Amino acid sequence: MLKMFSRIRRGFIRLQRYRHIMAVLMKYGFEELAGIVGRHLKVGIGSKVIPTPARKEITQATLARRVRMAMEELGPTFIKLGQLLSTRPDLLPVDFIQELELLQDRVSPEKYSLVREEIKKQLGNYPEEIFDRFDPEPIAAASIAQVHRARTKDGQEVVLKIRRPDIVKTIQTELEILKDLARLARGRFAAPETFDPQRMVREFAEAVSKEVDYANERRNQQRFIKNFANDPAIHVPKVLEQYCSEGLLTMEYIEGIKPSHIERLRSSDLEPKIIARRGADFVLKQVFEHGFFHTDPHPGNFLVMQGNVLAPLDFGQVGRLTNEDKLLLQNIVLAIVDGDVWRIVHGLERAEMLSDHSSQAELVRDIQDVINTYSGLPIKDIPFREAMVRGFDIIRKYQIGAPRDFTLMLKSLMTIESFARSLDEDFQIVECLKPYARKFALEQINPRNVFDQLKKAALGATELAGRFPEDAAAIIGKFRRGNFKIHIHHDHLEELEDTLDNSSNRISFAVIIAALLIGSSLLVSQEGTVLGLFSLQAFGIAGYLTAMIMGLWLAVSIIRSKKY
């Protein structure tokens with residue numbers, strides 16, 4: 001009984017949430033999508049009177065701004081989704097990216113009594129029993145967690161990143177709704193093949209599940225500590241393992257200044273130009289040397305310590321690059337510098353990113369146009385962000401299937417370039433990029449690396465040759481027994497099957513109706529009875545009525561489907 005009541009309660013809450021979503025969609029001019037959701041739930045979307053000034057502001061706003069405003073009003077999960085989409089310029093135009101980058105978590109801090117209980121749940125004791133001092137006032141609060149300062153029993157200053165109570169359940173419910181919305185939206189709106197709302201929601205679900213798992217963030221942070229252990233320009237905060245759990249992360253407290261506070265940096269004898277270069281080197285080392293990178297290196301995720309030392313924060317979202325990804329980036333950078341368009345095209349071909357539907361000749365012309373724009377300029381004058389924006393326009397136009405982490409890496413480079421230019425207006429990331437790309441290229445032709453690659457190729461060829469007689473015999477045997485099968489995958493085949501089923505059903509109904517009409521016409525013109533009870537004319541009239549009812553049902557179904 002309790003389970004049934006709980007299911008009914010969850011269903012009611014979910015329905016209320018859907019109605020709120022529909023109201024917000026209507027408010028910001030997305031009536032079509034709100035109507036689709038309403039028809040799916042078989043509930044009315046209702047109407048809400050919007051004050052005239054607010055309505056005027058909404059109607060004058062761009063589509064991108066209305067999307068951002070709607071996400072802000074829909075709450076934390078949708079804000080997180082918008083922030084994820086802001087990292088995907090391969091899917092959305094630059095005006096959408098710029099708007100979604102403005103999305104911020106604006107939430108009130110959790111009550112201390114709830115935070116105290118959550119710490120006991122995560123660590124087994126209340127904070128006053130674990131720490132020498134615990135500050136009940138948070139120093140930061142976001143939708144998923146909030147941060148408190150404390151001091152351990154041995155006198156070490158630390159910060160605790162504490163997951164909000166019940167946030168995991170809330171996100172799971174919201175994700176179910178997002179999956180429903182993505183499924184309803186798919187196929188109903190014109191969009192490029194590379195923009196798949198269901199895939200985006202799956203990626204978002206994976207990303208946010210990692211973000212609420214602080215054991216995952218702790219592992220990421222420890223890897224960064226190892227990677228930058230010998231770099232005096234970078235200090236990754238130490239993790240205190242004994243005060244960590246799945247829902248809580250404790251690290252050393254960093255005394256520093258936000259990079260965006262330039263006047264404070266200067267008054268503290270810190271050098272913005274040095275900080276800019278170190279920020280760029282921090283990201284480029286991750287990309288070219290470690291293959292493991294911070295996906296959102298914006299100024300809010302750094303503190304500057306004495307000696308111009310950068311302390312990165314927040315390691316919940318990271319990306320990983322394969323050697324092929326780094327080779328492709330190297331080709332792109334060197335192609336822009338050297339003016340060699342075919343280096344990019346061949347790199348995309350090797351990575352199997354080119355769509356079968358795109359014209360390679362037109363792609364070459366568009367890339368050549370971008371390269372011609374910048375190839376004659378000195379390196380310091382190449383506007384990196386502008387070139388990247390044009391590059392992402394080409395990715396969307398030709399539906400180039402760039403891997404998610406590769407795209408995140410390009411976006412990270414754009415972010416760190418903006419970060420560095422905010423500190424040094426003369427900064428050019430291409431000047432920093434080129435040495436890393438050249439060094440990586442030299443490493444690829446290092447005799448040891450070449451030997452290792454040849455060794456792997458030889459081993460692979462030897463293994464293939466050794467298996468060939470056995471594999472060939474197996475294939476021939478299947479041919480002889482008639483068991484040889486070829487598996488073909490066709491996208492959206494289920495939709496085709498549904499269409500064919502509907503068509504065949506309608507054809508069958510039409511044939512039955514025609515048969516009834518012909519048979520009834522023959523019976524009406526005859527005299528006589530069946531078993532001495534019913535006249536043949538009565539059977540004919542009954543056939544006409546049946547054919548009329550079936551015909552009306554068929555006509556209504558065709559009209560309702562809007563496919564006539």
Side-chain angles (χ1 to χ4, degrees), residues 84 86-91 194 196 199-200 202-203 206-207 210 220 223-224 226-228 280-297 315 317-338 340-355 358 363 367 370-371 384-385 387-396 398-417 429-430 432-446 449-450 452-453 456-457 460:
L84 172 69
S86 74
T87 66
R88 301 301 304 272
D90 58 320
L91 300 178
T194 51
D196 181 349
R199 177 174 57 82
M200 286 301 305
R202 285 195 300 270
E203 288 183 3
E206 180 183 350
K210 290 179 179 178
N220 293 340
R223 184 165 175 179
F224 272 93
K226 181 180 177 182
N227 288 346
F228 289 92
D281 285 336
F282 171 69
V283 172
L284 293 174
K285 281 183 181 178
Q286 295 170 52
V287 169
F288 284 100
E289 296 180 11
H290 307 145
F292 181 79
F293 64 97
H294 197 299
T295 60
D296 195 16
F315 303 91
Q317 293 298 328
V318 297
R320 293 167 176 81
L321 295 176
T322 64
N323 202 55
E324 289 72 21
D325 292 334
K326 289 186 278 187
L327 278 170
L328 180 58
L329 176 62
Q330 166 210 308
N331 286 331
I332 292 172
V333 172
L334 297 180
I336 293 173
V337 173
D338 300 336
D340 184 0
V341 64
W342 284 104
R343 179 176 285 177
I344 296 178
V345 175
H346 291 155
L348 294 173
E349 283 181 328
R350 280 194 298 271
E352 297 182 352
M353 294 184 189
L354 296 182
S355 169
S358 300
L363 172 63
I367 296 177
V370 174
I371 289 180
F384 179 78
R385 186 176 184 87
M388 291 299 297
V389 168
R390 292 185 64 179
F392 280 120
D393 289 341
I394 291 174
I395 287 176
R396 291 193 304 275
Y398 293 97
Q399 300 177 18
I400 296 172
R404 173 178 173 269
D405 281 352
F406 184 81
T407 303
L408 288 174
M409 176 267 296
L410 294 179
K411 182 62 168 60
S412 294
L413 294 178
M414 293 174 66
T415 303
I416 201 64
E417 197 245 2
I429 197 170
V430 178
C432 300
L433 257 171
K434 189 175 179 180
Y436 282 95
R438 293 290 189 198
K439 180 182 176 183
F440 182 74
L442 289 173
E443 288 176 355
Q444 299 308 301
I445 60 174
N446 181 290
N449 288 336
V450 173
D452 288 342
Q453 291 171 9
K456 288 178 183 178

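Start at 1 with the first residue, then count along the sequence. This is a predicted model, so every value here is computed, not measured.
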Query - Residue list, ring-ring contact (aromatic ring centres under 6.0 Å, His included) with F293, at least two apart or on another chain - result: none
Query - ring-ring contact (aromatic ring centres under 6.0 Å, His included) partners of F406, counting only residues at least two apart - result: none
Query raised in the report: Do D296 and Q317 have side chains that get closer than 4.5 Å, going by heavy atoms?
Result: no
Requested in this report: Grab the two heavy atoms, one from P297 and one from I416, that are nearest each other, plus how far apart they are.
Outcome: O-CD1, 3.8 Å
Report summary line: Sorted by chain and residue number, the ring-ring contact (aromatic ring centres under 6.0 Å, His included) partners of Y398 (sequence neighbours excluded) come out as none
Report task. Kindly write out the residues that satisfy side-chain hydrogen bond (donor to acceptor under 3.5 Å, both in side chains) with R385, not counting sequence neighbours, or none if the list is empty. Result -> S418
Report summary line: Tightest non-hydrogen contact, residues D405 and L321, listed as O-CD2, 3.9 Å
Query raised in the report: Can you tell me how far the CD atom of E349 sits from the CD1 atom of I344, to the nearest 0.5 Å?
Result: 12.5 Å
Query raised in the report: Do R223 and V318 come within less than 4.5 Å of each other through their side chains, counting heavy atoms only?
Result: no
Query raised in the report: For the residue pair F224 and F292, does the interplanar ring angle fall in the parallel (under 30°), tilted (30 to 60°) or perpendicular (over 60°) class?
Result: tilted
Query raised in the report: Listed by chain and number, what are the salt bridge (charged side-chain N to carboxylate O under 4.0 Å, His left out) partners of K210, not counting sequence neighbours?
Result: E206
Query raised in the report: Between F228 and F282, how do the two ring planes meet: parallel, tilted or perpendicular, split at 30° and 60°?
Result: tilted
Query raised in the report: According to the interplanar angle, ranging from 0 to 90°, do the rings of F288 and Y436 count as parallel (below 30°), tilted (30 to 60°) or perpendicular (above 60°)?
Result: parallel
**Report entry** Considering all heavy atoms, the nearest T295-S412 contact
**Finding:** O-OG, 3.2 Å
Requested in this report: Among T407, L410, T415, L408, find the residue that satisfies the side chain to side chain contact (heavy atoms under 4.5 Å, CB included) test when tested with T87.
Outcome: L408
Report task. Over all heavy atoms of both residues, which pair between A402 and M353 is shortest? Give the atoms and the distance, please. Result -> CA-SD, 3.8 Å
Query raised in the report: Can you find a heavy atom in the side chain of L413 that is under 4.5 Å from one in the side chain of M388?
Result: no
Query - All side-chain hydrogen bond (donor to acceptor under 3.5 Å, both in side chains) counterparts of E203, not counting sequence neighbours - result: R88, R199
Requested in this report: Only pairs at least two apart or in different chains count here, so list each salt bridge (charged side-chain N to carboxylate O under 4.0 Å, His left out) that has a residue in residues 319-330.
Outcome: none
Query raised in the report: Between N220 (side chain) and F315 (backbone), is there a donor-acceptor pair under 3.5 Å?
Result: yes
